[in-house]
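Take a look at the structure set out below.
Below, read A as the first sequence line, B as the second, and so on, with proteins coming before strands; counting in each chain starts at 1.
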Amino acid sequence: MLKEILIDLLTQAAAQAQQSGKLPSVTLPPVTIERPQNPEHGDYASSLPLKLARSAGTNPLDIAREMVSLIPATAEIENITAAPPGFINFTLKDNWLAQQVESILNAGETFGNIDLGHGSRVQVEFVSINPTGPLHVGHGRGAILGSTLSNTLTAGGYQVEKEYYFNDAGSQMEAFRRSLFARYQQYLGKDAEMPSEGYLGNYMVDLAKELINEVGDRFLTIPEVEAMSALGRLGFERILSQMREDLKLLRVDFDAWFSEQSLYENGQFEKVMSLLREGGYLAEKENATWFVSTALGEDKDNVVVRGDGLPTYFAADIAYHYNKFIERKFDRVIDIWGADHQGHVSRLKAVIGALGIDPDRLELIIHQMVTLRRGSELMRVSKRSGDIITLREVIDEVGTDACRYFFLSRSADSQMDFDLELAKKEAPDNPVYYVQYAHARIASILRVAGERGITHADGDVSLLTSEPELTLIRKLLLLPEMVEVVVQTLEPHHLTYYAQTLATTFHSFYKLCRVISDDQTLTKSRLKLVGATKIVLARTLHLMGMTAPDRM
RNA sequence: GUCCCUGUAGCUCAGCUGGAUAGAGCGGCUGCCUUCUAAGCAGCGGGUCGCAGGUUCGAAUCCUGCCAGGGACGCCA
């Protein structure tokens, strides 16, 4: 990429300046290249002279001028200037920019790919909600974050595996089974009490009715423990498949569904516990087994095996992460969690460190909570109590594309209100349609050109010299840099900003430059440009998991 | 009490590994459809970047304290 070339040029110029004694031999700070916000400052800029000035004890502008004089001419760069107080600005050549249209057309949907991962294996684990009830909006946020990030990591040269971890063991599952059986009995006219920690939502009643329609009352006639377990299994499978459907509707899919239960069945849980025990990280106290994380600088110790002999969620998670890193040998693991799991981060990092795994290989994305409202009315989102608005209802009401865009346009760090009324009311003005409209407009131009029998394979891109054309090309060329930003920060929300500015640039170009005109050669050149723009818009939308419609 | 996230335009939010006049969308006000989609374009107005200190040539961005909102501190997950 161009950025690397510029960094090389700067590094060499600095070294040369030092050799010739024009610049004191101080250690070079990391050479960084920025994109200036003011176009008058060129396409790229570096503040290296300003950073060098302190240690060198010289005037930054003098350093900038000296370095500028040492940077050789290249095919891409029109000019390099030193600007006060000590920036070096690079401006690209118009004809080089124009030629990039051909590169984009040749690359097609691979344009934007940039090999940062070199094929290393990264696992992205997300959603991973207990299959004890329907998904709600908060889960949707994690789902869209995860799927978009995965798409982008793939574009960034990583081999990505998307995984859903489901807790089919443990006390929540137990509470689910008992709740479901209670509802089942109640609906069949038997007196049964809901467990105190049970799932009270109406969906459990509906689920019980559905199952009765399917299997009748036969679970009343077999031993209760057996009935509960079998019925629970059916309910669990039903909820899991509903989740899959909801996620599919959101265009979120997974490569693997990982069962917590499997960790106990294949002995991995025991193996990890004995490893921790051998390492001296476990202690028996208060009738339970503890991971002594205080010895590793944590605030407190954590129970791994409870007094009743059952492992805690934390213990299962330890085994699960051991499985990810040691058994399956992922180079990097990214977990996406809601803010309510924040407190779990440091102890999990501590324990994988204790297992001899570099904690930096585990990266956590914690997204803040989502509150759902309809106007000023706050909607319930909790699973255990009462009625909820499900993710499914939100998708049906708002639509997949708008939903994805809405979740993606805010950083994971900010808590958000999902206002159904607003989302619906603003649907036609939603930025997602603005971006898609740009794509549809281009499709329309290409359609008209086709109808008129205009072929443009022989179009000459060097005719693209006007300001709106070059501005558009510059914007197109940012896509690989956006992919790089998202891969490095793990913040997919930058994509929405890019999509929006790209669409703006195109709409503006569209107004100023007529594509299909009497000038046949220019028409062909511009058809190439809008063709390239269509590719970049589509790619950006696809990275975000959205559709790129040809008509609107 | 401790830990994490947030506080930027009327509203919703970008910008935060320090850089050159603080941005976008929505809303408000003005213009623009004989020609490829007006779900569009151009322009105007709008800001003590929560508050107070500090570091720096330079702070919305980094550090400290305070205030406000959200989340977590469980032998739940």
| said: Check whether A:Phe506 forms a cation-pi arrangement with A:Arg441 (NZ or CZ under 6.0 Å from the six-membered ring centre, at most 45° off the ring normal). | reply: no
| task | Kindly point out which of B:C36, B:C4, B:G25 is positioned nearest to the side chain of A:Gln342? | result | B:C4
| message | Side-chain N or O of A:Ser508 versus OP1/OP2 of B:A42: is the shortest distance under 4.0 Å? | response | yes
| field | Nearest-neighbour nucleotide for the A:Ala288 side chain, B:U35, B:G71, B:C75 considered | value | B:C75
Considering only nitrogen or oxygen atoms on both sides, find all protein atoms under 3.5 Å from nucleotides 28-31 of chain B and state each distance.
none

| Axial cation check for A:Phe406 ring with A:Arg410, 6.0 Å and 45° limits | yes
| request: Provide, to the nearest angstrom, the distance between the CG atom belonging to A:Asp518 and the C1' atom belonging to B:U35. | output: 10 Å
| query | Judged by atom type as modelled, is there a donor-acceptor pair below 3.5 Å linking the side chain of A:Trp290 to the main-chain atoms of A:Lys285? | reply | yes
| remark: Taken to the nearest whole Å, CG/A:Leu364 to C1'/B:A72 is 14 Å
| task | Could you check whether the rings of A:Tyr165 and A:Phe258 sit parallel, tilted or perpendicular, using 30° and 60° as the cut-offs? | result | tilted
| task | Could you tell me whether a side-chain N or O of A:Asn430 sits under 3.5 Å from a main-chain N or O of A:Val432, the two making a donor and an acceptor? | result | yes
| query | Cation-pi between A:Arg373 and A:Phe418: NZ/CZ under 6.0 Å from ring centre and within 45° of the ring axis? | reply | no
| Roughly, in whole Å, what's the span from OH in A:Tyr510 to C1' in B:C33? | 10 Å
| Inter-nucleotide C1' distance (B:U30, B:G45), Å rounded | 11 Å
| field | B:A39 OP1/OP2 closer than 4.0 Å to side-chain N/O of A:Arg441 | value | no
| message | Quick check: on RNA chain B, is the nucleotide nearest A:Ile442 upstream (toward 5') of the one nearest A:Asp308, or the reverse? Name the residue that is more 5'. | response | A:Ile442
| task | Look at the side chain of A:Lys511 and decide which nucleotide, out of B:U2, B:C36, B:C41, has an atom nearest to it. | result | B:C41
What pairs of nitrogen or oxygen atoms, one from the protein and one from nucleotides 11-17 of chain B, lie under 3.5 Å apart?
residue: B:U12; atom: O2'; partner: A:Arg410; partner atom: NH2; Å: 2.2
residue: B:A14; atom: OP1; partner: A:Ser411; partner atom: N; Å: 2.8
residue: B:A14; atom: OP1; partner: A:Ser411; partner atom: OG; Å: 3.2
residue: B:A14; atom: OP1; partner: A:Ser414; partner atom: OG; Å: 3.1
residue: B:A14; atom: O3'; partner: A:His493; partner atom: NE2; Å: 3.4
residue: B:G15; atom: OP1; partner: A:His493; partner atom: NE2; Å: 2.7

| If you check every side-chain atom of A:Glu286, which of B:G40, B:C75, B:C76 has the closest atom? | B:C75
| task | Verify side-chain hydrogen bond (donor to acceptor under 3.5 Å, both in side chains) between A:Gln520 and A:Thr523, making sure each step is shown before the conclusion. | result | CA-CA 5 Å; A:Gln520 276 205 22; A:Thr523 295; over 6 Å; no
| query | Should B:C33 be called syn or anti, with syn set as within 90° of 0? | reply | syn
| Closest nucleotide among B:A38, B:U35, B:G19 to the A:Pro85 side chain | B:G19
| field | Atom-pair distance (CG on A:Asp419; C1' on B:C26), nearest Å | value | 13 Å
| request: Mind checking A:Arg526 for me? I need base, sugar-phosphate or nothing, with any heavy atom below 4.0 Å counting as a touch. | output: nothing
| request: Measure from the ring centre of A:Tyr434 to the centre of the six-membered ring in the base of B:G25, then say whether that distance is under 5.5 Å and the planes meet at under 30°. | output: no
| task | Have a look at A:Ala438 and say if it touches a base, only the backbone sugar-phosphate, or nothing, with a 4.0 Å heavy-atom cut-off. | result | nothing
| request: Take atom C1' in B:A77 and the same atom in B:C66, then report the distance between them in whole Å. | output: 35 Å
| message | From CZ of A:Phe176 over to P of B:A77, roughly how many Å is that when rounded to an integer? | response | 16 Å
| request: Round to the nearest Å and state the distance from A:Leu61 atom CG to B:A20 atom C1'. | output: 13 Å
| query | Looking across every strand, which nucleic acid part, if any, lies under 4.0 Å from A:Lys51 by heavy atom: base, sugar-phosphate, or nothing? | reply | base
| said: Less than 4.0 angstrom between a side-chain N/O of A:Gln37 and OP1 or OP2 of B:A20, yes or no? | reply: yes
| Rounded interatomic separation in angstrom, taking CG from A:Asn302 and P from B:G74 | 9 Å
